[in-house]
Amino acid sequence: MSPTPHVLLFPLPMQGPVNCMLKLAELLCISGITVTVLNTDYIHRTLIRHSNVLTRFSSYDNLRFKTISDGLPEDHPRSGQRFLDLFDGMKTVTEPVFREMMVSGCFSFKSDPPVTIIIPDASFSFALDVAEEVGIPLFYFETVSPSALWTYLCLPKLIGAGEVPFNGNDLNVLIKNVPGTETFLRRRDLPSFCRLDDVDNLVTKIIMKEARCVPRAHGLILNTFQALDETVLVHMRKLCPDIYCIGPIHTLYKSLVTTQSSVSNSLWEENATCLSWLDTQVTRSVVYVSIGSMAMMTVEQLFEFWHGLVNSGKPFLWVQRPGSVIGEYDHNLVPKRLIDETKQRGFITTWVPQEAVLAHSAIGGFLTHSGWNSTIESIIEGVPMICWPQNVDQQVNSRFVSEVWKVGIDIKDTCDRGIVEKAVRDVIDVRKTEFIESTRMLAELGGQSVAEDGPSVMDLNRFIKTITTL
Ligand code: UDX
């Protein structure tokens, strides 16, 4: 019989990926697998400060946390455009330390077996070199959407065919070299870095490396369910035959680990009082607004959204993450009407328990930056989206939301109070019946995927069997 596997999970230090990896950690732990989670020092400290992670994990005797430096000073913002500094820090500091940790076997604790499987974020190309060097199988966990990953995997072909870069021109031209998407994916829907003037930039280089490394891994784990992404999975399997779709991972987690609502992997302190406020609102009347953990907006954009929300006449719950607005504004100059109407039917806060918010019956729509976790969380709760994508994969996700799954409206590349007002009215009122039907169908398919013997449960079991017999 093979020795018990010991899995090393190594998330990208961002809210969405950290949350997914911690849920995967627990799913593996309850199957008796030994797990080490390697977080950056910064993420580990922040998790301890704002969530109940350590208390929760103390009940597992087969789980350890290890930390590693991300190479950035403590006071670095690690968000917005400055998030990219992280890749420099990781290259110079994290990579060599990680290699040293793997070679020296520092992940063994007391009677733990040595690490036998590595599961890093799919953007960590260096981890594959290290895994090959030490002879340990590696499975990538891709925490962006499969549709975005598919565009990454096609990037060498897109560049070779001259479809990328396109220097920001003719954004409505259809893309030919992403199989399965030829009828609806336009230049403007490609990942944001494709809009840069040339391909000699940090993000394109990172993604090109990722496109080369992902097919070389032993397998690929995706946070999706098969029925949702079959359009692209059918093509992706030709490059990466061993794919495990274990999503929506937060729902799989609720079905297999715990249904408790107090579970949090948040990097900010959650304001749960918004749930009591939601209790006072009418069913499907509130629009929830959040741009996730990284995206930012200018002061002008903030005011366009604010006017649009107020002018729609609908109640709104708005997360304004600390540091998410670029630049300062004088609070005394905010028009009195905005203040008064927000007091009447708005709730603005810095961070909320999003899964619980989206599950609340008062929520009728989600104005989102289209990060993959927010998207799949909204899909599973049957909440239609208004998509305002900013970075990397978000442009692709929003196109799939509006054109493939038809569960929302894509307002990318605009930021105008009239457009926001109309989109909110459409989702909450005018197109309500249409969206209730389309979101319900998709949510049901998602629910079936994590039910007993559902495809995501089967894929998790298949994955556990694979790593146990390797
Ligand atoms: C990043 C990228 O920006 C995104 O494009 C990519 O798809 C995944 O990694 P992020 O910007 O954080 O993620 O967005 P998203 O993927 O939507 O994840 C945000 C997470 O934070 C979600 O799980 C959401 O539930 C949580 N969240 C957000 C809260 O718990 N509370 C909040 O107030 C806001």
Side-chain angles (χ1 to χ4, degrees), residues 11-23 43 46-47 50-53 78-81 83-84 86 121-123 141-149 151-152 191-193 203 206-207 210 222-224 247-251 253-254 261-275 278 288-297 317-324 347-360 363 366-381 383 385 387-398 400-401 412:
L12 184 68
M14 290 173 75
Q15 178 66 79
V18 166
N19 191 11
C20 288
M21 283 276 194
L22 289 177
K23 286 183 168 140
I43 291 290
T46 313
L47 278 173
H50 296 305
S51 70
N52 57 359
V53 165
R78 294 167 172 82
S79 65
Q81 284 308 316
F83 179 74
L84 289 180
L86 201 70
D121 186 273
S123 61
F141 188 1
E142 180 56 89
T143 48
V144 302
S145 64
S147 50
L149 173 64
T151 64
Y152 296 179
S192 56
F193 56 85
V203 186
I206 293 169
I207 301 293
E210 183 173 336
L222 297 173
N223 182 17
T224 190
I249 194 161
H250 70 287
T251 320
Y253 175 87
K254 277 184 201 143
S261 59
S262 59
V263 170
S264 161
N265 298 321
S266 268
L267 300 175
W268 286 267
E269 192 170 341
E270 293 174 349
N271 178 356
T273 62
C274 65
L275 297 172
L278 284 174
Y288 167 55
V289 187
S290 164
I291 57 169
S293 69
M294 286 286 150
M296 301 184 78
M297 60 172 71
L317 165 59
W318 190 352
V319 173
Q320 292 182 2
R321 193 188 76 239
S324 63
F347 191 109
I348 298 182
T349 185
T350 50
W351 198 254
V352 301
Q354 180 167 299
E355 287 172 30
V357 164
L358 287 169
H360 199 287
I363 297 293
F366 182 11
L367 174 39
T368 169
H369 70 310
S370 299
W372 182 236
N373 296 286
S374 295
T375 304
I376 199 158
E377 287 163 16
S378 201
I379 285 175
I380 199 73
E381 298 302 343
V383 175
M385 284 164 266
C387 305
W388 189 64
Q390 297 302 293
N391 303 309
V392 201
D393 59 322
Q394 299 156 14
Q395 272 80 2
V396 189
N397 302 343
S398 59
F400 272 70
V401 165
K412 67 160 67 83

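When a ligand or atom number is given, it counts from 1 through the structure's own listing order.
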Protein contact to [atom] [nearest heavy atom, distance to 0.1 Å]:
atom	value
atom 26 (C) of ligand 1	Trp351 CZ2, 4.0 Å
atom 20 (C) of ligand 1	Gln15 CG, 3.8 Å
atom 17 (O) of ligand 1	Ser374 OG, 2.5 Å
atom 3 (O) of ligand 1	Gln394 NE2, 3.1 Å
atom 18 (O) of ligand 1	Asn373 CB, 3.5 Å
atom 11 (O) of ligand 1	His369 NE2, 3.1 Å
atom 22 (C) of ligand 1	Glu377 OE2, 3.5 Å
atom 31 (N) of ligand 1	Val352 O, 2.6 Å

Any donor-acceptor pair under 3.5 Å from [X] side chain to [Y] backbone:
X	Y	result
Arg321	Met296	no
Gln15	Asn265	yes
Gln395	Gln390	yes

Using side-chain heavy atoms (C-beta onward) and a distance below 4.5 Å, is [X] in contact with [Y]?
X	Y	answer
Pro13	Leu86	yes
Phe347	Leu278	no
Gln394	Lys412	no
Met385	Ile379	yes

Using a 3.5 Å cut-off on N or O atoms only, is Thr143 in polar contact with ligand 1? no

Heteroatom distance test (Thr375, ligand 1): nitrogen or oxygen, under 3.5 angstrom: no

Quick one: does ligand 1 sit under 4.0 Å from the side chain of [X], the backbone, both or neither, non-hydrogen atoms only?
X	value
Met14	side chain
Ser293	both
Asp393	side chain
Ser370	neither
Val319	side chain

Show your working on side chain to side chain donor-acceptor pair (under 3.5 Å) between Asn397 and Ser145 and close with a plain yes or no. CA-CA 7 Å; Asn397 302 343; Ser145 64; 2.6 Å; yes

Residue pair Trp351 / Ser266, side-chain donor-acceptor N/O under 3.5 Å: yes

Subset of ligand 1 atoms that lie under 4.0 Å from at least one heavy atom of [X]:
X	answer
Ser290	34 (C)
Asn19	23 (O)
Pro17	9 (O)
Gly371	4 (C), 5 (O), 7 (O), 14 (O), 15 (P), 16 (O), 17 (O)

Rounded to the nearest 0.5 Å, what's the gap from [atom1] on [X] to [atom2] on [Y]? Could you check?
X	Y	atom1	atom2	value
His369	Ser293	NE2	OG	6.5 Å
Ser147	Tyr152	OG	OH	9.5 Å
Glu355	Asn19	CD	CG	6.0 Å
Ser370	Asp393	OG	CG	9.0 Å

Looking at ligand 1, would Ala295 count as a contact under a 4.0 Å heavy-atom criterion? no

Contact between ligand 1 and Val392 is defined here as a heavy atom of the residue under 4.0 Å from a ligand atom; is it met? no

